[in-house]
Amino acid sequence: MIKAAIEYIVGLGNTEVFYENGQAHSSQILYKLEAPVAAKLTVHSLSGLVSYLKSHFDSDQTLMVHVESPTEVTVFTTLNGDRNREYLIKANAMLPQFHFENWYDPETFIIKLQSGFVSNEDKDIILKVVGNIKEEDVKTYGDDGISQSVTAKVGVATVGQVEVPNPVALKPYRTFVEVQQPESNFVFRMKNGPRCALFEADGGAWKLEAMGNIKRYLNLELSSEIEGGKIIVIA
């Protein structure tokens, strides 16, 4: 059908095709008509992606599942006649918003921490310190210039200088909720106001761990299709 279309277009423009040294040439520029491909479907969970793949809704051919990042997984076919891949579906993770290296007031910081991080010991320590701040002044002390303290409630009726925990190991929601959230180190800083912020301190290693967790989840949920040679998972 594409060949017939090209011949039709060539005929309309009076374009001549001739051969020289075994190669085809034309008297005008020709534009390639590519084979049509399906519009990509988007879901927002790994379970939705798995359900689609198990249904064989659009294709029975072998598919490649590519874990592109901690928040995106795509599925595509083998190369078609135009040497292009047909992308059938992608999964984008929906995550709570938390901006690292951004300064928050204590109330907003506490809400963000409670709603966007998996509970662990260091999260509880930060919540306790920030939730009991009594003065706006934040003191920095120590020879390394890293340690900080704030005036906070330390008992039923007493206040005192409380050291700001640093570094801290936290588990923000940064990948699909179906898999374990990677734990990594953060620098927790405060400044007068008071204001609070978290700075990533693991060099991005958590991304590799998250992608590995996604691949293991897909390998388990799609084990039958993988053993049957219908699906290949890469990360």
Side-chain angles (χ1 to χ4, degrees), residues 44-46 66-74 91-154 159-219 233-235:
H44 297 288
S45 66
L46 293 179
H66 183 199
V67 182
E68 296 194 23
S69 73
T71 59
E72 183 171 318
V73 180
T74 57
N92 284 337
M94 289 195 301
L95 303 173
Q97 292 293 318
F98 185 91
H99 300 291
F100 297 101
E101 304 182 19
N102 186 71
W103 295 95
Y104 292 101
D105 64 82
E107 183 177 358
T108 302
F109 185 80
I110 288 173
I111 293 173
K112 293 281 188 181
L113 203 63
Q114 288 179 322
S115 61
F117 290 69
V118 179
S119 294
N120 68 359
E121 183 178 355
D122 281 3
K123 173 185 169 181
D124 292 340
I125 292 173
I126 293 177
L127 287 173
K128 187 175 182 180
V129 171
V130 177
N132 286 285
I133 295 173
K134 291 298 181 184
E135 293 182 0
E136 297 180 352
D137 184 40
V138 177
K139 297 178 180 178
T140 301
Y141 64 93
D143 293 337
D144 54 6
I146 295 175
S147 302
Q148 294 183 301
S149 69
V150 293
T151 303
K153 182 178 179 182
V154 294
V159 295
Q161 288 296 308
V162 176
E163 184 175 350
V164 175
N166 187 30
V168 289
L170 298 171
K171 290 184 175 183
Y173 286 103
R174 294 178 288 186
T175 185
F176 294 92
V177 295
E178 290 96 335
V179 303
Q180 185 174 7
Q181 302 299 314
E183 182 178 276
S184 54
N185 287 333
F186 294 86
V187 175
F188 174 50
R189 298 291 289 177
M190 298 186 68
K191 65 181 182 180
N192 292 341
R195 310 283 287 178
C196 314
L198 287 171
F199 299 82
E200 294 182 280
D202 76 336
W206 70 270
K207 296 179 181 177
L208 296 178
E209 182 180 347
M211 293 168 66
N213 292 344
I214 294 172
K215 184 179 180 182
R216 281 189 287 276
Y217 173 87
L218 294 173
N219 283 340
V233 180
I234 61 172

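As the structure is a computational prediction, the values presented were derived from the model and not from experiment. Atoms considered below: every heavy atom in the structure, side chains included; atoms not considered: hydrogens, waters and symmetry mates.
- In this structure Ser69 satisfies the side chain to side chain donor-acceptor pair (under 3.5 Å) test together with Thr71, sequence neighbours excluded.
- In this structure Glu178 satisfies the side chain to side chain donor-acceptor pair (under 3.5 Å) test together with Ser47, sequence neighbours excluded.
- Annotation for Trp103 and Arg189: closest pair CZ3-O, 3.4 Å, computed over non-hydrogen atoms.
- Under the 6.0 Å cut-off for aromatic ring centres, Phe188 and Phe186 do not qualify, their centroids lying 6.0 Å or more apart.
- The closest side-chain heavy-atom distance from Trp206 to Gln181 is not below 4.5 Å.
- Not counting sequence neighbours, the partners of Glu101 by the side-chain contact (heavy atoms from CB on, under 4.5 Å) test are Phe199.
- Side-chain contact check for Asn219 and Arg216: no donor-acceptor pair (N or O, by modelled atom type) lies under 3.5 Å.
- Between Tyr104 and Ile111, every side-chain heavy-atom pair lies at or beyond the 4.5 Å cut-off.
- Summarising the geometry of Pro182 relative to Thr175, their closest heavy-atom pair is CD-CG2, 4.2 Å, with the distance given to 0.1 Å.
- When all heavy atoms of Pro106 and Val130 are compared, the pair lying nearest together is CB-CG1, 3.8 Å.
- Panel note: side chain Asn185, backbone Ala201; no donor-acceptor pair is recorded below 3.5 Å.
- Judged purely by atom type and a 3.5 angstrom limit, His44 has no side-chain atom pairing as donor or acceptor with the backbone of Ala93.
- By the side chain to side chain donor-acceptor pair (under 3.5 Å) test, Asp105 pairs with Thr108, sequence neighbours left out.
- Side-chain contact between Ser184 and Arg174 is present, with at least one heavy-atom pair separated by less than 4.5 Å.
- Between Asn120 and the choices Val168, Ile125, Leu170, the side-chain contact (heavy atoms from CB on, under 4.5 Å) rule is met once, by Leu170.
- Not a single donor-acceptor pair under 3.5 Å links the side chain of Asn192 to the backbone N or O of Pro194.
- In this structure, the side chains of Leu218 and Val73 come closer than 4.5 Å at one or more pairs of heavy atoms.
- Between Gln180 and Lys171, some side-chain heavy-atom pair lies under the 4.5 Å cut-off.
- Remark: Glu183 pairs with no residue by the salt bridge (Lys or Arg N to Asp or Glu O under 4.0 Å) rule, at least two apart or across chains.
- Every residue two or more places apart in sequence or in another chain that forms a side-chain contact (heavy atoms from CB on, under 4.5 Å) with Glu68 is listed here: His66, Glu72, Thr74.
- Within the 4.5 Å cutoff, side-chain heavy atoms of Phe117 are placed close to those of Phe98.
- Here the shortest heavy-atom pairing between Pro70 and Ile214 reads O-CD1, 3.6 Å.
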